[in-house]
Protein chains: 2
Amino acid sequence: MNRAEFDVGARLRILREMHGLSQRELAKRAGVSNAIISLIEQNRSSPSVGSLKKVLDGLPISLAEFFAVDPAPRPRVFFNADELVELAGGRISYRQVGPDLAGRALQILHEHYAPGADTGEAMLHHESEEGGVVIRGRLEITVGDQSRVLGPGEAYYFDSRLPHRFRNLGEEECEVVSACTPPSF
Amino acid sequence: MNRAEFDVGARLRILREMHGLSQRELAKRAGVSNAIISLIEQNRSSPSVGSLKKVLDGLPISLAEFFAVDPAPRPRVFFNADELVELAGGRISYRQVGPDLAGRALQILHEHYAPGADTGEAMLHHESEEGGVVIRGRLEITVGDQSRVLGPGEAYYFDSRLPHRFRNLGEEECEVVSACTPPSF
DNA sequence: TAAGTCTGTTTAATATATTCAACATTCACA
DNA sequence: TGTGAATGTTGAATATATTAAACAGACTTA
C-alpha cells in the first residue's frame, strides 16, 4: 500500500476552514487553546492523540475519518455535460456531468422533472449515498418511510440503500442538480 | 453523534501481539524507547501523532488502518442544507447539503459567487474528484492550464489534485451546485 | 542454588506539547 | 480617520510525552 506522508497540519486546516470555523471557535468547542491549533496547522507541534481527538470532536469528525485517505484517481478535466437522457416517457430527463461511468468517483446529474413525473412505485435502492439541491419547481422526495416536498434552494441527502422515489406533484417543471457516489450495480 | 471511545492502548497492544513482537522489539524497529510503548499500552501516555506513526511504522500499519473501525454506516436521511458559510470576505458563500463531514461519501455544495468573487491565485488542490453545474450567471473555471467560462446549464468535472480556481468575472451573481468526493486534504 | 536472558513496568531527567497572554494584521463601522 | 472586534501568530511558563536506566518477575541452563 502506498504509504504517503500524512500532513496533519494541512488536513486539519482544510477541515476547519470547510466547517467555516476560526481557530478560536474550534478551540473553544474542543476545549483546547487556540495557540495549539495554530501550531498544529503549521506542523510546529505534533498533537497527542488525546488532544487531536478533542480538536476533531469540535468539528466533529472521528480519528478514523481524519486519517482515512481515498484511493487516488488519475487527473482528468471535463467541461460540459453529456447528452440528454430521457426516462419515464420523456417526463424525466437528465444530463450527466463529467466523464462516462467507468472509473469515476462521482456521478453528477442535472435533472428535469415534468409536471406529474414519477420515478415509480417500485422504489429504487442501491449501494451509495446521494444528495441534491432543488433549483426550480417543487419535488416530493420519499426515502424509506419519510416523505418531504422541497422547493427552490432546499436540499436532500440520504443513504441510497434506503428505497427512494421522486415525484413532481406540481404544475411547473422541476429542476434539480443531484450527485451520488458511483453506483455499484 | 455517538462516537465510541477509541482505546489507543488496547488497540496497540493487540496489534503488537498479533505481530508476535515484544515491546522492546517493536521499540527497536520503531526507533522509540520501550518504556513509551509500555506507557501507551497502559494509556498512561497519549502519544503524539508523530511518535504513534513511528511505532506503527514498526508493525507496519498506517494511521488510517490503526484508527479504521468497521464501516457500518447507518442509513440516514437529511433534508435541507446546513448553515451558510462565507468565504473571501462574503463574496463567496455556500450551503453544504446533507450531514456534516463525518462519514459522508459525498460533499454537495450550493454556492453563490458575487460579481468579482475569486477563490484566489493560490490555487486549491486536494485528493478528490469534483464537478458541478452552473445554474445562473457566468463562472470562469481554471483547472491546471485549461480555462473556460461557463454559463447556465453548463458543467465541469475534474480531478481536484489539479490546481483549480473559480472566478466570477461578470456583473451578475453566479449560482452553482457542485459535488466532490470527501477531500482527504 | 545462582547466573543468564527474556518479559513488562517504573523512576528521574529531558524534550516536547500545551497554555496563557501578548502581538500584529485585517476588516467593519463610526 | 480612529476604535473595536475579529483574525492568525508568537514567547515564556507549565504540563505532559519521551528517554535512559534501573527494577521485578518468569523462564532457562548450569
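The chains referred to below are lettered A, B, ... by the order of the sequence lines, with proteins before strands, and numbering in each begins at 1.
Looking at Asp7(A), its side chain never comes within 3.5 Å of a backbone N or O of Arg11(A) through a donor-acceptor pair. Side-chain atoms of Glu65(B) never come within 3.5 Å of backbone atoms of Ile61(B) as a donor-acceptor pair (strictly under, hydrogens ignored).
If you find the closest nucleotide of DNA chain D to Ser48(B) and to Ser22(A), the one lying nearer the 5' end belongs to Ser22(A).
Residue Leu39(B) contributes atom CG, which lies 14 Å from atom P of dA12(C) at whole-angstrom precision. The distance from atom CG of Leu21(B) to atom C1' of dG8(C) is 15 Å, rounded to the nearest whole Å. Summarising the geometry, the separation between CD1 on Ile37(B) and P on dT10(C) is reported as 16 Å, rounded to the nearest angstrom.
Salt-bridge check for Glu25(B) with Arg16(B): failed, with every basic side-chain N at 4.0 Å or more from each acidic carboxylate O. No salt bridge links Glu172(B) with Arg138(B); every basic N to acidic carboxylate O contact stays at or beyond 4.0 Å.
Counting non-hydrogen atoms of other residues, nucleotides and ligands closer than 6.0 Å to CZ of Arg29(B) gives a total of 12 or fewer.
Using a 4.0 Å cut-off, no side-chain N or O of Gln23(B) falls inside it from OP1 or OP2 of dT7(C). Residue Arg16(B) places at least one side-chain N or O under 4.0 Å from the OP1 or OP2 atom of dG8(C).
Between Glu111(A) and Glu175(A), every side-chain heavy-atom pair lies at or beyond the 4.5 Å cut-off.
Across all strands, Gln42(A) comes closer than 4.0 Å only to sugar-phosphate atoms, never to a base (heavy-atom distances).
Bracketed by its first and final contacts, the part of DNA chain D lying under 4.0 Å from non-hydrogen atoms of chain B reaches from dA17(D) to dA22(D) in 5' to 3' order.
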message = Generate the contact string for nucleotides 20-26 of chain C. Rules: B means base contact, S means sugar-phosphate contact only, - means no protein heavy atom under 4.0 Å.
response = B-B----
key: Trace of the ring pair (Phe, Tyr, Trp, His ring centres under 6.0 Å) decision for Phe67(A) with Phe6(A)   = CA-CA 8 Å; Phe67(A) 287 108; Phe6(A) 190 90; 5.1 Å; yes
